[in-house]
Amino acid sequence: MKISTPVVILTFLTGLLAANALTAQAAEPEIPTGERFEWVISPRYSEIRHFWDSDIAPVEFWDDQERRYRYFYIDRDENPVMEFKYEYLGPFFEGRAVVGNSGGPYGVIDRDGNLVADVIYEDLKYYKEGLCPFFRDGYGGFLDMDGNEVISWPGIFPGLFSDGYAVFYDSESEMVGVLDKEGHMVISPVFERLGPYSDGLLPAEDSDGMCGFIDIEGNWIVEPVYDYVQVFSEGRGAVYKDGKWGFVDTEGNIAVDLVFDYIIRPFSNGLASVEMDGLSGCVDRDGNLVIQHKFKWIDSFSDGYAFAAVPQNNNYGVIDKAGNWVVEPCFDVVTIFVKGLATVRVGQKWGMIRITD
């Protein structure tokens with residue numbers, strides 16, 4: 001049965017409307033301030049997503065005058081650019097954004113708010129390398145930038161493209177394989193699990209439940225001798241065996257000894273966040289401890305900064321690559337830094353910050 005397409009309501013809002021309609025739902029909590037960060041987007045939204053590679057970001061806002069949630073895209077000056085009646089507005093990737101209702105169906109819009117793909121899809125991810133994975137009516141595949149279904153296979157659930165290849169799950173065999181951008185099956189669905197293609201390798205699990213890394217032809221480069229593995233990042237892949245985690249290089253050599261209880265985040269900006277005895281620290285690609293194990297949690301580094309928390313405080317702050325506080329813990333919920341900006345929550349309201357040097 002086909003899912004009907006709802007009508008898009010697109011409104012270009014004026015500054016006057018923004019000033020009059022975007023009123024606070026309740027008294028705002030005390031807003032943190034500091035010498036090393038500034039608010040780019042004020043914390044007054046029920047939800048906000050990153051700008052990513054666009055000049056506009058999606059927000060959810062409670063309109064106290066109309067007693068309903070409203071769904072906008074805003075620019076970096078917090079001016080509403082366009083409004084939809086959809087309950088889900090995705091961020092823009094490569095000039096396209098997924099929109100729809102909670103739980104679906106979903107479609108795709110361009111930067112001007114025009115529908116590129118009708119709101120008929122049971123699942124849409126986002127655009128990467130010019131293609132967006134979809135699933136509808138028993139078929140999975142990819143949409144091109146014009147919303148055309150250029151790759152379509154029955155019964156598959158595709159992932160995102162990475163360096164020209166995408167992993168897919170085949171519902172008939174209940175196994176996982178790999179497609180290229182022409183839709184050719186370069187690796188048949190014969191693996192229990194596969195991760196994204198990165199640094200020339202894919203994390204893989206064989207029929208015995210053991211894990212290693214394969215190349216794009218399906219050959220084992222790192223033999224399946226591990227209990228778990230994670231996708232390669234910055235030339236290092238996390239591996240787990242006998243209760244401990246470490247890292248291997250792209251030839252399968254142990255690069256960082258298997259001594260950690262958990263890998264919190266893979267390598268980013270030259271550091272990986274690791275856990276020992278319930279505390280988090282960071283190591284470099286050679287396994288040297290750069291940040292001591294004194295934190296409750298450390299996120300991925302981006303632009304030289306990462307969010308972190310300490311055991312004695314439930315809030316999150318920002319540290320530099322030496323483990324020094326740049327912003328003391330003051331945020332209730334955090335995401336990640338993207339191009340120098342990060343979304344954070346204070347109380348029940350989301351905003352966006354930037355580190356100032």
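- Note that OH of Tyr316 is 13.0 Å distant from SG of Cys330, once rounded to the nearest 0.5 Å.
- Heavy-atom minimum distance, Pro158 versus Pro133: O-CB, 3.7 Å.
- No side-chain heavy atom of Met175 sits under 4.5 Å from any side-chain heavy atom of Asp170.
- Hydrophobic clustering (ILVMFWY, side-chain heavy atoms < 4.5 Å, transitive): Val248 and Met210 are in distinct clusters.
- Under the 4.5 Å side-chain heavy-atom criterion for ILVMFWY residues, a single connected hydrophobic cluster contains both Tyr305 and Trp39.
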Apply side-chain contact (heavy atoms from CB on, under 4.5 Å) to the pair Tyr71 and Tyr86, showing each step before the final yes or no. CA-CA 7 Å; Tyr71 307 93; Tyr86 296 125; over 6 Å; no
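- In this structure, the side chains of Tyr69 and Glu87 stay at 4.5 Å or more apart for every pair of heavy atoms.
- Across every non-hydrogen atom of Ala306 and Ser300, the tightest pair is CB-O, 3.6 Å.
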Table please: side-chain donor-acceptor pairs of residues 266-282 below 3.5 Å, with sequence neighbours left out.
| unit_1 | atom_1 | unit_2 | atom_2 | d |
| --- | --- | --- | --- | --- |
| Ser268 | OG | Phe301 | O | 2.5 |
| Asn269 | OD1 | Asp303 | N | 3.1 |
| Asn269 | OD1 | Gly304 | N | 2.8 |
| Ser273 | OG | Ile298 | O | 2.8 |
| Ser280 | OG | Lys296 | O | 3.4 |

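- Both Val178 and Trp220 belong to a single network of hydrophobic side chains, linked directly or stepwise wherever heavy atoms of I, L, V, M, F, W or Y lie under 4.5 Å apart.
- The shortest side-chain heavy-atom distance between Ile120 and Phe134 does not fall under the 4.5 Å cut-off.
- Going from atom CD of Glu192 over to atom CD of Glu174 covers 9.0 Å, rounded to the nearest 0.5 Å.
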Just do the side-chain contact (heavy atoms from CB on, under 4.5 Å) check on Tyr73 and Phe84 with the steps written out, would you? CA-CA 9 Å; Tyr73 284 95; Phe84 292 86; 3.9 Å; yes
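- A salt bridge between Lys244 and Asp261 is present, with a side-chain N of the basic residue lying under 4.0 Å from a carboxylate O of the acidic one.
- Between Gln65 and Asp63, the shortest heavy-atom distance links the atoms N-OD1, 2.9 Å.
- A cation-pi arrangement is present between Arg136 and Tyr121, with the terminal nitrogen or guanidinium carbon under 6.0 Å from the aromatic centre and inside a 45° cone about the axis.
- Panel note: side chain Tyr127, backbone Val98; no donor-acceptor pair is recorded below 3.5 Å.
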Would Trp325 and Phe295 count as a ring pair (Phe, Tyr, Trp, His ring centres under 6.0 Å) if you check the C-alpha gap in whole Å, the side-chain angles of each, and the deciding distance to 0.1 Å? CA-CA 11 Å; Trp325 289 112; Phe295 295 92; 5.7 Å; yes
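- Surrounding CZ of Arg36 are more than 12 heavy atoms belonging to other residues, nucleotides or ligands, all under 6.0 Å away.
- Between Val344 and Met352 there is no side-chain heavy-atom pair separated by less than 4.5 Å.
- Taking both residues in full, the closest heavy atoms of Val176 and Val167 are given as CG1-CG1, 3.1 Å, listed atom of the first, atom of the second, then distance.
- Interatomic distance, CG of Asp144 versus CG of Asp146, reported as 5.0 Å (0.5 Å rounding).
- Nearest approach of Lys181 to Glu129, heavy atoms of both residues: NZ-O, 2.8 Å.
- Of the possible donor and acceptor atoms, none in the side chain of Asp199 sits under 3.5 Å from a partner among the backbone N and O of Leu201.
- Taken from OH in Tyr197 to CG in Asp215, the straight-line distance is 7.5 Å, to the nearest 0.5 Å.
- Nearest heavy-atom pair, Ile41 versus Arg76, reported as atom, atom and distance to 0.1 Å: CD1-O, 4.0 Å.
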Audit row: Ile56, Arg111, side-chain contact (heavy atoms from CB on, under 4.5 Å) steps and yes/no: CA-CA 9 Å; Ile56 58 176; Arg111 172 58 180 79; 3.5 Å; yes
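- Side-chain contact between Phe232 and Phe213: present, with at least one pair of heavy atoms (C-beta onward) separated by less than 4.5 Å.
- Less than 6.0 angstrom separates the ring centroid of Phe331 from the ring centroid of Phe37.
- Open room surrounds CG on Asp257; 12 or fewer heavy atoms of other groups in view lie less than 6.0 Å from it.
- No side-chain donor-acceptor contact under 3.5 Å links Asn101 to the backbone of Gly104.
- Between Tyr226 and Tyr240, the closest side-chain pair of non-hydrogen atoms is not below 4.5 Å.
- Aromatic pair Tyr45/Phe61: centroids less than 6.0 angstrom apart.
- Within a 6.0 Å radius of CD in Glu172, no more than 12 heavy atoms belonging to other residues, nucleotides or ligands are found.
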Test ring pair (Phe, Tyr, Trp, His ring centres under 6.0 Å) on Phe337 and Phe307 and set out the steps. CA-CA 8 Å; Phe337 280 95; Phe307 283 108; 4.9 Å; yes
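- Proximity of the aromatic rings of Phe135 and Phe157 is defined here by a centroid distance below 6.0 angstrom, and this criterion is met.
- Side chain of Asp112 to backbone of Asn114: no donor-acceptor contact under 3.5 angstrom is found.
- A donor-acceptor pair under 3.5 Å links the side-chain atoms of Arg96 to the main chain of Met145, judged by distance alone.
- Thr343 contributes no side-chain N or O that, together with a main-chain N or O of Thr335, makes up a donor-acceptor pair within less than 3.5 Å.
- In this structure, the side chains of Ile263 and Phe247 come closer than 4.5 Å at one or more pairs of heavy atoms.
- Checking side-chain atoms of Ser152 against main-chain N and O of Gly141 turns up no donor-acceptor pair under 3.5 Å.
- The aromatic rings of Phe260 and His293 lie tilted to each other, with the angle between the two planes from 30° to 60°.
- When each of Trp52, Phe161, Phe51 is tested with Phe93 by the rule ring-ring contact (aromatic ring centres under 6.0 Å, His included), just one qualifies, namely Trp52.
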Does Ile353 form a side-chain contact (heavy atoms from CB on, under 4.5 Å) with Val327? I'd like the steps, not just the answer. CA-CA 11 Å; Ile353 65 166; Val327 179; 5.5 Å; no
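- Separating the CD1 atom in Ile216 from the CG atom in Asp163 is a distance of 9.5 Å, to the nearest 0.5 Å.
- A salt bridge between Asp299 and Arg265 is present, with a side-chain N of the basic residue lying under 4.0 Å from a carboxylate O of the acidic one.
- When hydrophobic clusters are built by joining Ile, Leu, Val, Met, Phe, Trp and Tyr residues whose side-chain heavy atoms come closer than 4.5 Å, directly or via intermediates, Leu289 is grouped together with Trp297.
- The main-chain N or O of Lys339 is never found under 3.5 Å from a side-chain atom of His50 such that the two would form a donor-acceptor pair.
- For the pair Arg354 (side chain) and Val40 (backbone), a donor-acceptor distance under 3.5 Å is absent.
- The CD atom of Glu78 sits 7.5 Å away from the CD1 atom of Ile48 when rounded to the nearest 0.5 Å.
- Connection of Leu179 to Tyr165 is not established within any shared hydrophobic cluster, with ILVMFWY side chains joined at heavy-atom distances below 4.5 Å, either directly or through further cluster members.
- At a cut-off of 3.5 Å, with distance as the only test, no side-chain donor of Thr356 or Glu38 sits close to an acceptor on the other residue.
- A 4.5 Å side-chain heavy-atom check between Val222 and Val229 finds every atom pair outside the cut-off.
- Not one N or O on the side chain of Asn253 forms a donor-acceptor pair closer than 3.5 Å with the backbone of Ala255.
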